[in-house]
Amino acid sequence: MSDPEAQGEPQKNLKCDRCQYELRSLPIDAACPECGLPIRISIRRHEEIFAPKKNLPRLKLTLMFLLVATLTGSPALVGFAIMDWLNPRIMSANIGLEEIPGLYNPIVWLLLAGSLSPLFTILSVPRELSLHRYRKRMVLLLVLLGGGGSALAFHANPFDPYSFEMIVGFTLSALACAIGLATASGYIGAAVPQWKHMGSAQQTASPMIGVILVIGALRPLSGLATPYSPLFLGMKVALIGSEFLLVIGTCYLLTNRLWLAWRLIQALREPQAP
């Protein structure tokens with residue numbers, strides 16, 4: 001396909017991105033006679049939307065996978081944040097199962113689903129549109145963090161909240177959830193440029209990673225401190241604050257991603273021929 005920007009060719013079957021004025025036969029360096037928008041801008045936005053036209057069915061499937069990843073990863077992160085409150089209630093509902101590993105713990109299953117479901121989004125993006133150089137590395141990272149962390153969590157004794165498996169397993173799985181959600185969004189941004197222009201779709205995993213690491217470190221440390229000492233109270237305040245931030249951030253991410261994905265699915269509907 002010829003490159004009109006390089007050759008300065010007159011435009012064919014192109015409408016102004018702002019006012020939909022027909023730009024047929026106008027040179028690329030001109031502006032829209034109706035609203036004055038440079039034709040180069042209309043060409044760039046037109047190509048962002050319609051260049052991957054043959055991949056639209058695949059991209060829609062990718063967006064559906066992102067919705068699934070968001071709907072599983074967000075509850076998993078909330079479950080990790082409120083685990084101190086939720087775990088005793090899970091244990092009291094499972095009296096007599098002390099000898100069984102954490103297979104009955106719903107938080108573990110949520111973390112496993114939330115950490116691995118972004119893989120479907122990453123792997124479903126067409127190779128020619130994705131960040132394929134890093135695909136294998138990211139898949140390996142999520143499998144190691146999510147699968148390894150969940151394996152530890154499955155074998156953790158929920159009646160011992162300060163065991164190595166409990167602390168490390170749940171923290172690794174939560175990290176995999178946060179990294180997976182951000183990476184899945186990044187792959188969609190590489191495949192569909194409009195996604196990157198939708199404001200908070202550019203969110204990164206760094207803030208969530210920081211909060212998860214703080215929670216993972218403070219939980220065992222607060223258990224070792226002398227009860228009701230200044231150090232204990234300070235750790236508890238920091239821990240509760242971090243858990244609250246993680247819940248609020250996750251709820252915002254869930255609402256925001258659902259709205260953005262719905263908008264983009266609407267934008268990727270098959271366009272009518274001009």
In the structure I gave you, are the side-chain heavy atoms of [X] and [Y] within less than 4.5 Å of one another anywhere?
| X | Y | result |
| --- | --- | --- |
| I215 | T171 | no |
| V143 | L119 | yes |
| L116 | S150 | no |
| L172 | L144 | no |
| I122 | L142 | yes |
| S173 | L112 | no |
| Y21 | P33 | yes |
| V108 | F154 | yes |

Spacing of [atom1] belonging to [X] relative to [atom2] belonging to [Y], to within rounding of 0.5 Å:
| X | Y | atom1 | atom2 | result |
| --- | --- | --- | --- | --- |
| M208 | L175 | CE | CG | 11.5 Å |
| S242 | M235 | OG | CE | 12.0 Å |
| L140 | R135 | CG | CZ | 14.5 Å |
| S115 | L145 | OG | CG | 8.5 Å |
| E34 | E22 | CD | CD | 12.5 Å |
| T62 | L67 | OG1 | CG | 11.0 Å |

Connected via hydrophobic side-chain network under 4.5 Å: [X] and [Y]:
| X | Y | result |
| --- | --- | --- |
| L110 | V211 | no |
| L221 | L231 | yes |
| I107 | V168 | yes |
| I248 | Y252 | no |
| I209 | L246 | yes |

Which heavy atom in [X] sits nearest to a heavy atom in [Y], and how many Å separate them?
| X | Y | result |
| --- | --- | --- |
| R18 | C35 | NH1-O, 3.5 Å |
| A238 | L218 | CB-CD1, 3.7 Å |
| G114 | P118 | O-CD, 3.2 Å |
| F170 | A153 | CE1-CB, 3.8 Å |
| S117 | A69 | OG-CA, 3.4 Å |

* Who else is in V68's hydrophobic cluster (ILVMFWY, side-chain heavy atoms under 4.5 Å, direct or via others)? ->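 Hydrophobic cluster check, V68: no partners found.
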
* Is F65 isolated, or which residues cluster with it under the ILVMFWY side-chain rule of less than 4.5 Å, directly or via members? ->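 So far as hydrophobic clustering goes, F65 is joined with L61, F120.
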
Return a table of donor-acceptor pairs under 3.5 angstrom between the side chains of residues 74-85 and protein atoms on other chains or two or more places apart.
from	atom 1	to	atom 2	distance (Å)
S74	OG	T70	O	2.9
D84	OD2	R219	NE	3.4

* Decide yes or no on side chain to side chain contact (heavy atoms under 4.5 Å, CB included) for D29 and R40, but give the supporting numbers first. => CA-CA 7 Å; D29 294 325; R40 290 179 183 272; 2.5 Å; yes

* To do: Starting from the C-alpha separation in whole Å, work towards a yes-or-no answer on side chain to side chain contact (heavy atoms under 4.5 Å, CB included) for V214 and L239.
  => CA-CA 8 Å; V214 169; L239 178 59; over 6 Å; no

